[in-house]
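For reference, the structure discussed in these notes is given below.
Source: prediction; values computed, not measured. Computation of the quantities below employed the complete heavy-atom set of this structure, encompassing side-chain atoms and omitting hydrogens, waters and symmetry-equivalent molecules. Along the sequence shown, residues carry numbers from 1.
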Amino acid sequence: MTVIDSSLRNEILNSLKKRNASEIGVHCHIIKSHNKLTESNFTLKQEINDLKLENQRLIQENVELRKSSGTGMPSTTFSVDKYQLFEEKLSKAKDQVIDLQKSLFEKAQQVISLNETLKEKNDSLSLKEAKILELENKFEALKKTNQDLEKKMAEYEEKIKLWKDEKVESELQYNCLLQKFNKIKEEYQQILTASLRFREEQIEKVNKLNELEAERIQHRLKEELLKAQTDFTHINLNDNLMTIGPSNQNMKMSSYNIPLVNRAVYKFDCNEGEVNAIKYHRNGKYFATGGGDRKIKLWELKDGKADSIGNLIGSNASVASIDIDSENNLIAGTSFDFACRLWSLNDHRLRMSSGDVQPTHTLTGHTNKVLSGKFLGVMKVVTGSYDRTLKVWDLMQKACIKTLFAGSSCNDLVTLDSQSIISGHLDKKIRFWDIRMDPPQSEICLQGKITSLDISSNRNYLLASTRDESCLKMIDIRMNQVTETFCCEEYKPAYDWARAIFSPDIDHQFVCAGSADGSLIIWNSISTKVEKVLKEHNASIISLAWHPQGHHLVTCDAKKKAVIWACK
C-alpha cells in the first residue's frame, strides 16, 4: 500500500470516528437517564418488597394482637394504642406503596419510551453501520479503480512519450520526403521536357517515314505510268477498281437505285484490336479505319483486295471516330485520350510549328474520352465527349471558340451546315444545336440511349440507333418527329458507340447496322422490312461504311476483321 492510500484510509476512518462520536454524544443523556431510571426502578422494587415484608409482619402482629385481646383485659389499652399506631403505619405504608407504584408506573412508561427511542437509535446505528460498510466497499472499489487509473495513466504517459518521439521522427521524415519530392518534381520537369522533345523527334521520324512511303507510292505510280505508256492493254478502262462491283459503265448508276449487297467478297485483318471507326473519302478511292491500335489506317481497293497506303499515328489511346474534309485534304480522328487530332492527307503528317510544344492540330480541352468529331463548315471541327460537352474548334485560331453544355455524355453527332449540329446522348435524348446559341433549340427523347447518328443524302432524315430498345429510329428533321422504326430479333448493338448508316442514294433506299453476334442487318427504309441478314463476322460489328457510289459496303468488328460486301 502506498503512502497516499494509507493517508486516505486514515482520513476516512477519522472522519467516520468523528461522525460516530457526534451521533453518540447527542443521545448520551438519554442513555444516562435510562440507566438512572433502571437503578431507581430497582431501588423502588427493593423498597416495595421491604414494605410488603413489613406489612406482612405488621399484619401478623395485628392478628396476634387480636387473638391476645380476647384473652386478657389488662393489656387492652396498650394493645389498642399499639394497634392504632400500627394502623397508622400501615396506612402510611399503603400510601407509600401506592405512590411508589405510581412512580414505578411512570418510570416504567419512561423506560418503555426510552427503550423505543433506544431501539430507534439502534436501528439508525445499524443503518449507519451498514452504510459505513457500504462506503468501505465503495472505498475499496474506488481504491482498485484508482490503481487501475494510475496504471492506465502510466501507460498513457508512456504512449504520449512514444508519440512525441514518433512525431519528431515523422517531422524529420516529412522534411526528408519534402526534399525528395522537390527533387523528384525537378526530375519530373526534366523528364517531361525530355519526353516532349522525344515526342517531337518521334513525330518527325514518323513524318519522315510517311514521306518515304509517299515517295515510294509516287515512284510506284511513275513505274506503272511508264509501263502503261508502253502497253495500253495493261489497264482495262472498263474494269472497276476491284472485281467485287459492276463495270465502270454501271458505276454511274442512278442514285435512286442502289444494288442490295448480299455476299462477302473479301475479308482481311484491319487494325490490331477492335475497329471503332471507318470512313470513305468522298471520291471513293480509299477509306480510313481507326481502332484500338491507336492508328488510323488508309486503305485502297485494288484487284479485289484492300492495300494499305498509309498509317496516321500520334494518338495515345484508341481511335473512336473518323471524319474526312476532302476540300482541305484533312482527316480528323477523335480518341479515348480526351483529344481530337488532324492529319494532312497530302503527306499524312501531324504538322509542328516552330516553338509549339504540342502539334498544332491536336485539339485538347475535353476532360473525358471524345467519342465523335465532325468537320463543321470551313476549317472548323465540332467534338462530342463523355464530359457532357460539345466543343467547336477553329483550326485557323487553333483554339476552342465555343463550348456547348449538353448535360449528358455524347456518343455521336452530325452536322447539317456550318452552324447546325445534332448530337445523340446517353440520357436518351437527341439535341439540335445552333452554335450561335448556348441552349439546344429542340430535343427529341427516345426510349433508349443513343449509340449513333447518321444523316441522309438529302439532309432531311436522321437515323438514330438506340441500344436499350435494340432498334433504329428514322426522324424527319423538318418536323422533329420519328417517322419509322427498324427492328428485328437479330439486331442488338454491342457497344455504346456501335454505328448504323443510311445508303448513299438520294432516296436513302436502305439502312443497315451490325449486331453483337456479328450479323449485318439491312432494312428497306420505305417498307421497314428486313431485306437481308448477312453473317460473316465472328465478333460484334462496331462500324460500317457504304461506298459513295453504293456498289459495296465495308464492315468492321471487335476482333480486327473487316469484310467487304457486294452484290452478285
Side-chain angles (χ1 to χ4, degrees), residues 1-43 106-195 338 367-369 386-388:
M1 182 183 294
T2 61
V3 177
I4 296 174
D5 294 338
S6 178
S7 61
L8 183 62
R9 181 180 178 86
N10 293 332
E11 185 178 352
I12 292 172
L13 289 174
N14 291 332
S15 62
L16 291 174
K17 288 179 180 180
K18 288 180 181 180
R19 184 176 178 180
N20 187 33
S22 62
E23 290 178 353
I24 291 174
V26 173
H27 306 293
C28 185
H29 67 284
I30 296 173
I31 295 170
K32 289 180 180 180
S33 299
H34 179 268
N35 293 331
K36 287 180 180 180
L37 288 173
T38 303
E39 291 176 359
S40 61
N41 186 23
F42 180 76
T43 304
E106 291 175 355
K107 298 297 183 181
Q109 290 293 332
Q110 289 180 1
V111 168
I112 291 169
S113 62
L114 289 174
N115 285 331
E116 290 178 353
T117 304
L118 183 62
K119 184 178 180 182
E120 291 176 357
K121 297 298 181 181
N122 288 331
D123 293 339
S124 177
L125 184 62
S126 299
L127 291 174
K128 292 182 183 299
E129 288 177 352
K131 192 172 182 180
I132 288 169
L133 182 62
E134 183 181 357
L135 290 173
E136 286 180 351
N137 293 331
K138 285 184 178 180
F139 169 75
E140 293 295 330
L142 290 173
K143 180 181 176 182
K144 186 176 180 181
T145 304
N146 185 37
Q147 292 175 353
D148 295 337
L149 291 174
E150 286 179 352
K151 290 180 180 178
K152 288 183 179 180
M153 187 180 295
E155 292 176 358
Y156 289 149
E157 287 177 353
E158 290 293 330
K159 287 183 179 180
I160 289 171
K161 185 178 179 181
L162 181 62
W163 287 342
K164 286 181 179 179
D165 295 338
E166 290 179 352
K167 181 184 177 183
V168 173
E169 185 178 357
S170 299
E171 287 177 351
L172 294 174
Q173 290 180 356
Y174 169 75
N175 293 328
C176 293
L177 290 174
L178 184 61
Q179 292 176 0
K180 289 182 180 179
F181 171 75
N182 293 329
K183 185 177 179 181
I184 292 171
K185 189 175 180 181
E186 292 176 359
E187 292 177 354
Y188 169 75
Q189 293 295 334
Q190 295 174 0
I191 293 171
L192 181 62
T193 304
S195 174
F338 311 168
T367 59
N368 208 328
K369 55 187 176 183
Y386 264 33
D387 64 2
R388 304 181 181 182

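Summarising the local packing, CD of E171 is surrounded by more than 12 heavy atoms from other residues, nucleotides or ligands at distances under 6.0 Å.
In terms of heavy atoms, D387 sits closest to N368 at N-CB, 3.6 Å.
The distance from atom NZ of K143 to atom CD of E140, rounded to the nearest 0.5 Å, is 5.5 Å. Atoms CD and CZ, on E186 and F181 in that order, are 10.5 Å from each other to the nearest 0.5 Å. Atom OG1 of residue T193 and atom OH of residue Y188 lie 9.5 Å apart, to the nearest 0.5 angstrom. The line from CG of N137 to CG of L142 is 11.0 Å long, rounded to the nearest 0.5 Å. Rounded to the nearest 0.5 angstrom, E116 CD and I112 CD1 are separated by 7.5 Å. Between the CD1 atom of I184 and the CD1 atom of I191 there is a distance of 9.5 Å, given to the nearest 0.5 Å.
When each of K159, E155, M153 is checked for a side chain to side chain contact (heavy atoms under 4.5 Å, CB included) with E157, only M153 meets the rule.
At a threshold of 4.5 Å between non-hydrogen side-chain atoms, the residues K107 and Q110 count as touching.
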